[in-house]
Each structure stands twice: as C-alpha cells, then as structure tokens.
Amino acid sequence: MPTSTRVPEQGMTPEAPEHSATATTRREQARRLSPWALGLVTLLAALALQGQLYSGQERTVATIFMFVALAEAWNLIGGFAGYASFGQVVFFGVGGYCTAVAMSHWHFSFWVALLLSGLVAAAFATLIGIPLLRLKGHYFAVATLGVAEGMREIVTNLPDLTGGGAGITLPTVGSNATTAYLGNDGFYLLFLALAAMSVLVAALVARNKFGYALRAINQDEDAAAAMGINTTRAKVVAFALSGFITGLVGASYAFQQVTIFPERLFDVDITVLMIIMVVIGGSGTVLGPLLGAVALQLLSEFLRQNFTDLHTFILGGIIVVAVILLPQGLVNYVREARHTKEYSLLGNVRRYRL
C-alpha cells in the first residue's frame with residue numbers, strides 16, 4: 001500500500017529549526033555564564049586553599065591577592081582606556097595614610113576608615129584627572145608620576161598629621177585600638193575579597209557600554225569623540241574607579257603593616273609591578289592582570305627562596321624575554337593564536353615588528 005506523507009498544516013513550523021534555535025540559545029547562554037561559573041569556582045577554591053596553608057604561605061598568597069586587585073585597578077585606566085598612569089601608587093599611599101590618620105587621630109574603626117579611604121582616593125583621582133587626562137601618552141605618564149612624588153613630599157612634611165619621615169603607627173592593640181588586628185587569616189580573606197571585587201568590576205566594565213567607550217578611546221580618541229562619546233567623562237570615571245580600588249588596597253595594606261612610612265606607601269616600584277603584571281598578562285582584558293599578578297608573584301617568591309642573591313636579576317631577565325615574545329600579553333596572544341591558528345612565538349615577534 002502506498003505510504004502517506006504528513007504535510008504540516010498551515011501555520012505550523014517544522015520542529016527541526018525550533019530545536020536548532022533552542023540549542024543555539026542554550027550554547028550562547030552557556031558561553032555567557034561560563035566565565036562567571038569559573039570565577040565562582042576559583043573563589044571557592046581560594047577559600048578552601050586557606051585551610052591548607054601555614055602562616056608564611058598564607059601571607060604570601062594574601063600578597064598575591066593584593067597585587068591582583070592593584071593590577072585590575074590599573075588595567076581600568078591603563079589597559080581599557082590606554083592611559084598609562086605611572087603615578088598610580090599615589091592612590092595606594094593616599095588610601096593608606098587616610099586610614100592611618102582616621103584611626104590614629106579621629107579614632108575611626110578600620111571598616112569605616114577603609115570605605116573613607118577609597119572615597120578620598122576616588123575624589124583625589126577625579127580632582128587630578130580632570131586636568132591631567134587632557135594630556136596624552138608620555139606627557140600623562142610623567143605628570144602622574146610627578147603627582148605621586150609630590151604627594152610623598154607633602155606627607156613627609158606634615159609630621160603632626162602623618163608622622164612625617166618617622167612614620168605613623170595604627171592603633172591595633174591596647175585601649176586605643178578601634179578595631180582588633182585581623183591576623184593572617186583575616187587579611188587573607190580581606191585581600192581575597194578585594195581581588196574578587198576588582199575582577200568583578202573589570203568584568204562588568206568589559207561587558208557594558210562604558211567599557212566599549214574606553215576601548216574606543218584607546219583605539220582613536222578623536223574618532224570616539226566624533227561618534228558622540230563624552231571622552232573626558234569616561235576617562236575621569238575610569239580614573240576615579242581605578243583610584244577607589246587602589247585606595248581600598250592601600251588602606252588594607254596600611255592596617256596589615258601597622259606602621260607605615262612615606263617611602264614605602266608611595267614607592268614607584270609598586271606602580272611598576274602593576275604595569276608589568278598587566279602587560280605580561282594582557283592589557284585591556286579581565287583575565288590578563290589576574291594571571292600576570294599570580295604568575296609574577298609566584299615566580300618572584302620562588303626565585304627569592306632559591307636564588308636569594310640573583311633573584312632580582314633573573315626575574316628582570318624573564319620579564320624582558322616575556323615582553324619580547326608576548327608583547328600583546330598572554331591572554332591576547334592565546335586569543336589571536338586560536339583565531340589565526342598560528343602559535344609560533346617567533347612569528348608573533350615578527351608580527352609585532354620587535
């Protein structure tokens with residue numbers, strides 16, 4: 001007998017395209033959610049790791065978290081917007097000294113001083129950003145470096161308020177202590193929270209219109225302005241957000257160290273480390289500064305323990321080689337290599353004309 005073929009009635013659509021569209025939607029949702037799931041797993045792993053570390057290791061990992069936050073903060077203005085701030089440490093120092101003054105002279109708790117320090121650093125970034133962000137390239141870099149050096153001199157010459165060159169001690173014990181010292185366990189969690197917050201902020205910036213505006217400024221600021229982007233406002237907001245995070249980290253560092261000095265809180269080497277971490281990991285990305293901070297700090301600690309006398313020389317050599325082979329950073333290199341199917345490091349060097 002002849003077989004009959006069912007013809008879809010009018011108004012009905014074939015099921016195959018529906019299943020295909022549903023599958024595509026699910027894949028797209030999975031792709032969007034996978035970075036957040038990976039971040040959550042990483043955070044839980046970091047929390048679980050704490051119980052496996054002894055005191056010295058816990059302090060080392062807390063330092064790694066601190067530099068993750070600092071690198072992500074610098075990346076907001078230096079990576080996304082393309083404005084290399086060589087004086088980023090000024091917000092670190094402002095945050096640290098704001099907390100020290102608030103706790104020592106005004107008897108604030110650390111948690112209140114922490115928030116205050118972040119806000120003061122953000123306000124200071126806005127204040128100096130309005131004029132300085134009109135500069136470009138090395139002019140901006142040198143100007144921010146000058147601000148950092150100038151602020152260090154101001155802090156040094158206010159002994160009644162900041163302790164001057166002799167330093168200032170935060171009240172962490174005794175009757176004057178407004179907040180109990182957190183110890184290694186507490187600072188591990190504090191710096192982990194700051195690192196997680198900074199990565200979250202970078203991820204949100206990277207995926208919204210504000211982040212696209214910063215990338216447009218990085219590529220061609222005049223074209224971005226012609227397209228209707230308020231470039232001045234975008235840059236100042238990015239600078240203020242970067243200063244806020246850096247100020248929070250500086251405040252936490254000051255409380256951890258108890259006694260702080262201008263030479264350390266405004267040390268330009270801290271800025272240099274931020275920049276190197278971002279450049280090695282991949283500027284303008286979310287994952288790059290995190291990987292750069294973790295890799296550089298672990299490598300530095302390994303060399304310090306095993307090559308005490310030569311660790312700085314060896315680390316410097318490794319950084320030079322890494323920058324030559326991966327001038328665009330690790331994350332950007334992997335992304336480009338997956339797209340072009342070209343994984344040769346020498347080809348990468350030739351591509352970037354180094």
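These numbers were taken from a predicted model, which means no experiment stands behind them.
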Test log, rule side chain to side chain contact (heavy atoms under 4.5 Å, CB included), inputs W74 and T246: CA-CA 8 Å; W74 189 91; T246 307; over 6 Å; no
Worked check of side chain to side chain contact (heavy atoms under 4.5 Å, CB included) between E221 and Y83: CA-CA 11 Å; E221 187 168 347; Y83 275 71; 2.5 Å; yes
Derivation and outcome, side chain to side chain donor-acceptor pair (under 3.5 Å), residues Q88 and S242: CA-CA 9 Å; Q88 189 76 5; S242 177; 2.5 Å; yes
CA sep, side-chain torsions, deciding dist, call: M151, V94, side chain to side chain contact (heavy atoms under 4.5 Å, CB included): CA-CA 8 Å; M151 183 57 68; V94 166; 4.3 Å; yes
Stepwise side chain to side chain donor-acceptor pair (under 3.5 Å) test for N348 and E342: CA-CA 8 Å; N348 189 58; E342 296 181 7; over 6 Å; no
Chi angles and distances behind the side chain to side chain donor-acceptor pair (under 3.5 Å) call for S109, T178: CA-CA 5 Å; S109 73; T178 56; over 6 Å; no
Steps toward side chain to side chain donor-acceptor pair (under 3.5 Å) verdict (Y188, Q57): CA-CA 10 Å; Y188 181 99; Q57 291 176 329; over 6 Å; no
Pair Y181-L170, side chain to side chain contact (heavy atoms under 4.5 Å, CB included): steps then yes or no: CA-CA 10 Å; Y181 191 69; L170 284 70; over 6 Å; no
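Side-chain atoms of L290 and M277, non-hydrogen and from C-beta on, never get closer than 4.5 Å to each other. T99 places none of its side-chain heavy atoms less than 4.5 Å from the side chain of L116. In this structure, L330 and V334 have side chains that are in contact, with non-hydrogen atoms separated by less than 4.5 Å. Looking at heavy atoms from C-beta onward, Q297 lies in side-chain contact with T63 at the 4.5 angstrom threshold. S85 places a side-chain heavy atom less than 4.5 Å from the side chain of F239. Using a 4.5 Å heavy-atom threshold, the side chains of R264 and I270 count as touching. For the pair Y253/F187, no side-chain contact is recorded, criterion being any heavy-atom separation below 4.5 Å from C-beta on. Between F124 and V90, the closest side-chain pair of non-hydrogen atoms falls below 4.5 Å.
Q50 places a side-chain N or O within donor-acceptor distance of the main-chain N or O of D185, the cut-off being under 3.5 Å. Side-chain N or O atoms of T271 include one that pairs as donor or acceptor with a backbone N or O of V89 at under 3.5 Å. Remark: side-chain polar atoms of S300 are not paired, donor with acceptor, to backbone N or O of L296 under 3.5 angstrom. At least one donor-acceptor pair closer than 3.5 Å links the side chain of T162 to the backbone N or O of V155. Under a 3.5 Å cut-off, the side chain of S283 and the backbone N or O of V279 do not form any donor-acceptor pair. Distance alone, capped at 3.5 Å, places no donor-acceptor pair between the H311 side chain and the N306 backbone. Judged purely by atom type and a 3.5 angstrom limit, S104 has no side-chain atom pairing as donor or acceptor with the backbone of V101. In this structure a side-chain-to-backbone donor-acceptor pair under 3.5 Å is missing from N75 to A71.
Screening L214, V236, L133 for a side-chain contact (heavy atoms from CB on, under 4.5 Å) involving I77 leaves a single residue, L133.
The minimum heavy-atom distance between P171 and N176, with the atom names listed, is CB-O, 3.4 Å. Contact record, A223 with D220: N-OD1, 3.1 Å, taken as the closest heavy-atom pair.
Salt bridge absent: R152 and E263 never bring a charged side-chain N and a carboxylate O closer than 4.0 Å.
Around the CZ atom of F313, the shell of radius 6.0 Å holds no more than 12 heavy atoms that belong to other residues, nucleotides or ligands. By the neighbour-count criterion of 12 heavy atoms within 6.0 Å, atom CE of M197 is densely surrounded, having more than that number from other residues, nucleotides or ligands. Applying the 6.0 Å contact sphere to CZ of R304 captures more than 12 heavy atoms from other residues, nucleotides or ligands.
Between F302 atom CZ and I314 atom CD1 the span is 9.0 Å, to the nearest 0.5 Å. Between atom NE2 of residue H138 and atom CZ of residue F86 there is a gap of 11.0 Å, rounded to the nearest 0.5 Å. A distance of 7.5 Å separates CG of N184 from CD of Q256, quoted to the nearest 0.5 Å.
Between F110 and F255, the ring planes are parallel. Angles under 30° get that label, and only those over 60° would be called perpendicular.
Ring centroid separation for the pair F67 and F191 does not come in under the 6.0 Å cut-off. Outside the 6.0 Å centre-distance limit, the rings of Y343 and Y333 are not counted as a close aromatic pair.
Placement of Y212 and M227 in two distinct hydrophobic clusters is found when ILVMFWY residues are connected by side-chain heavy-atom separations under 4.5 Å, directly or transitively. The cluster map of Ile, Leu, Val, Met, Phe, Trp and Tyr, joined by side-chain heavy atoms under 4.5 Å apart, puts V272 and L303 in the same cluster. In the hydrophobic cluster analysis, where Ile, Leu, Val, Met, Phe, Trp and Tyr join through side-chain heavy atoms closer than 4.5 angstrom, L204 is grouped apart from I245.
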